[in-house]
Amino acid sequence: MELGARKIERESMPKEQISLSQLGKHLIKKIGNSPQEKLVAVYLDNGFHIIKESTIFIGTVDSATVHPRDVLREGLRLSAPQVIICHNHPGGSLSASPEDERFSERLKKCCELVGINLVDHIIVTPHDFLSFKAQDLI
């Protein structure tokens with residue numbers, strides 16, 4: 001059953017490279033309207049093709065306590081060389097909080113230790129998204 005699930009999952013993923021714009025729009029639809037904070041990890045191969053997308057954590061209306069190990073566990077299992085993380089702000093703010101920035105920095109350091117490239121951290125709201133990389137926050 002596991003192999004069948006993996007085959008279906010891989011067949012439904014886009015075969016072309018994913019762009020930041022495409023990913024941002026997809027994540028707005030997926031978690032932008034969620035009443036709770038959600039953290040999603042998108043694991044990529046070296047060609048920026050999606051290997052897997054996973055909801056790592058579901059928090060409360062205004063917080064999500066997540067640890068780098070939660071993101072890295074699946075990345076290591078998949079042998080994914082790259083990851084993009086994303087979370088929503090149910091309150092609608094596109095501003096990165098100090099906690100968001102600290103988590104990104106901590107995750108980046110942990111990723112470097114295990115050989116996974118943290119490509120970006122994206123914040124989404126119901127209508128827009130913010131890229132940490134584009135804002136030089138990562």
Side-chain angles (χ1 to χ4, degrees):
M1 289 180 77
E2 174 72 23
L3 290 175
R6 286 184 192 172
K7 182 178 182 202
I8 291 168
E9 182 177 291
R10 288 176 196 248
E11 289 173 356
S12 65
M13 288 185 221
K15 302 296 183 209
E16 70 278 350
Q17 290 182 340
I18 189 88
S19 72
L20 178 60
S21 177
Q22 290 170 318
L23 185 59
K25 290 174 186 174
H26 165 72
L27 292 166
I28 287 169
K29 288 178 187 173
K30 182 175 178 115
I31 64 171
N33 285 309
S34 175
Q36 298 167 290
E37 279 204 19
K38 293 183 179 181
L39 183 109
V40 173
V42 180
Y43 301 97
L44 307 166
D45 66 15
N46 282 323
F48 288 89
H49 301 94
I50 295 174
I51 298 171
K52 185 175 183 181
E53 177 184 303
S54 295
T55 300
I56 302 296
F57 193 83
I58 299 173
T60 64
V61 172
D62 61 357
S63 70
T65 304
V66 103
H67 297 279
R69 71 176 169 263
D70 300 322
V71 175
L72 295 174
R73 181 181 305 116
E74 186 70 358
L76 292 169
R77 189 184 72 75
L78 295 167
S79 296
Q82 306 192 87
V83 66
I84 296 173
I85 60 165
C86 173
H87 78 280
N88 64 317
H89 279 178
S93 170
L94 267 181
S95 299
S97 70
E99 292 83 13
D100 294 338
E101 292 181 25
R102 280 194 295 274
F103 178 71
S104 286
E105 187 58 35
R106 190 167 162 223
L107 179 60
K108 183 177 180 180
K109 288 177 184 177
C110 292
C111 283
E112 288 170 356
L113 287 172
V114 297
I116 295 176
N117 178 35
L118 177 60
V119 176
D120 207 343
H121 181 166
I122 299 171
I123 295 173
V124 299
T125 64
H127 306 290
D128 208 355
F129 69 94
L130 170 91
S131 160
F132 275 46
K133 187 172 185 173
Q135 301 293 316
D136 289 325
L137 296 173
I138 197 168

Evaluate the side-chain contact (heavy atoms from CB on, under 4.5 Å) criterion for residues D100 and H89: first the C-alpha distance (whole Å), next the side-chain angles of each, then the deciding distance (0.1 Å), finally the verdict. CA-CA 11 Å; D100 294 338; H89 279 178; 3.0 Å; yes
Point-to-point distance, once rounded to the nearest 0.5 Å, from CZ of F57 to CD1 of I85: 13.5 Å
Find out whether Q36 and P90 are in side-chain contact, i.e. whether some heavy atom of one side chain is under 4.5 Å from a heavy atom of the other. no
At what distance, to the nearest 0.5 angstrom, does CG of L113 lie from CG of L72? 9.0 Å
Are T55 and K30 packed together at the side-chain level, in the sense that at least one heavy-atom pair is separated by less than 4.5 angstrom? yes
Step by step, would you call R102 with E99 a salt bridge (Lys or Arg N to Asp or Glu O under 4.0 Å)? CA-CA 5 Å; R102 280 194 295 274; E99 292 83 13; 3.6 Å; yes
Once side-chain hydrogen bond (donor to acceptor under 3.5 Å, both in side chains) is applied, what residue pairs with a partner in residues 113-134 remain, sequence neighbours excluded? Q82-N117, H87-H121, S104-H121, D120-S131
Roughly how far, to the nearest 0.5 Å, is the CZ atom of F129 from the NE2 atom of H26? 12.5 Å
Taking all heavy atoms of I28 and all of P126, pick out the closest pair and write down the distance. CG2-O, 3.2 Å
The test is side-chain contact (heavy atoms from CB on, under 4.5 Å); show your working for L118 and F132 and say whether it passes. CA-CA 11 Å; L118 177 60; F132 275 46; over 6 Å; no
Between CD1 on residue I122 and CG on residue L94, distance to nearest 0.5 Å: 11.5 Å
For the side chain of E53 and the backbone of V42, is there at least one donor-acceptor N/O pair under 3.5 Å apart? no
Could you grab the distance from atom CG of L39 to atom CG of L107, nearest 0.5 Å is fine? 8.5 Å
Given side chains that start at C-beta, do those of N88 and L27 come closer than 4.5 Å, heavy atoms only? no
Which atom pair, heavy atoms only, marks the closest approach of V124 to G24? CG1-O, 4.4 Å
Correct closest heavy-atom pair for Y43 and A80 would be CB-CB, 3.8 Å
Supply the atom-to-atom distance C111 SG to R106 CZ, rounded to the nearest 0.5 angstrom. 12.0 Å
Could you give me the CA-CA distance, side-chain angles and deciding distance for I116 and L76, then say whether side-chain contact (heavy atoms from CB on, under 4.5 Å) is met? CA-CA 8 Å; I116 295 176; L76 292 169; 4.2 Å; yes
State whether the side chain of S54 and the backbone N or O of I56 hold a donor-acceptor pair below 3.5 Å, judged by distance alone. no
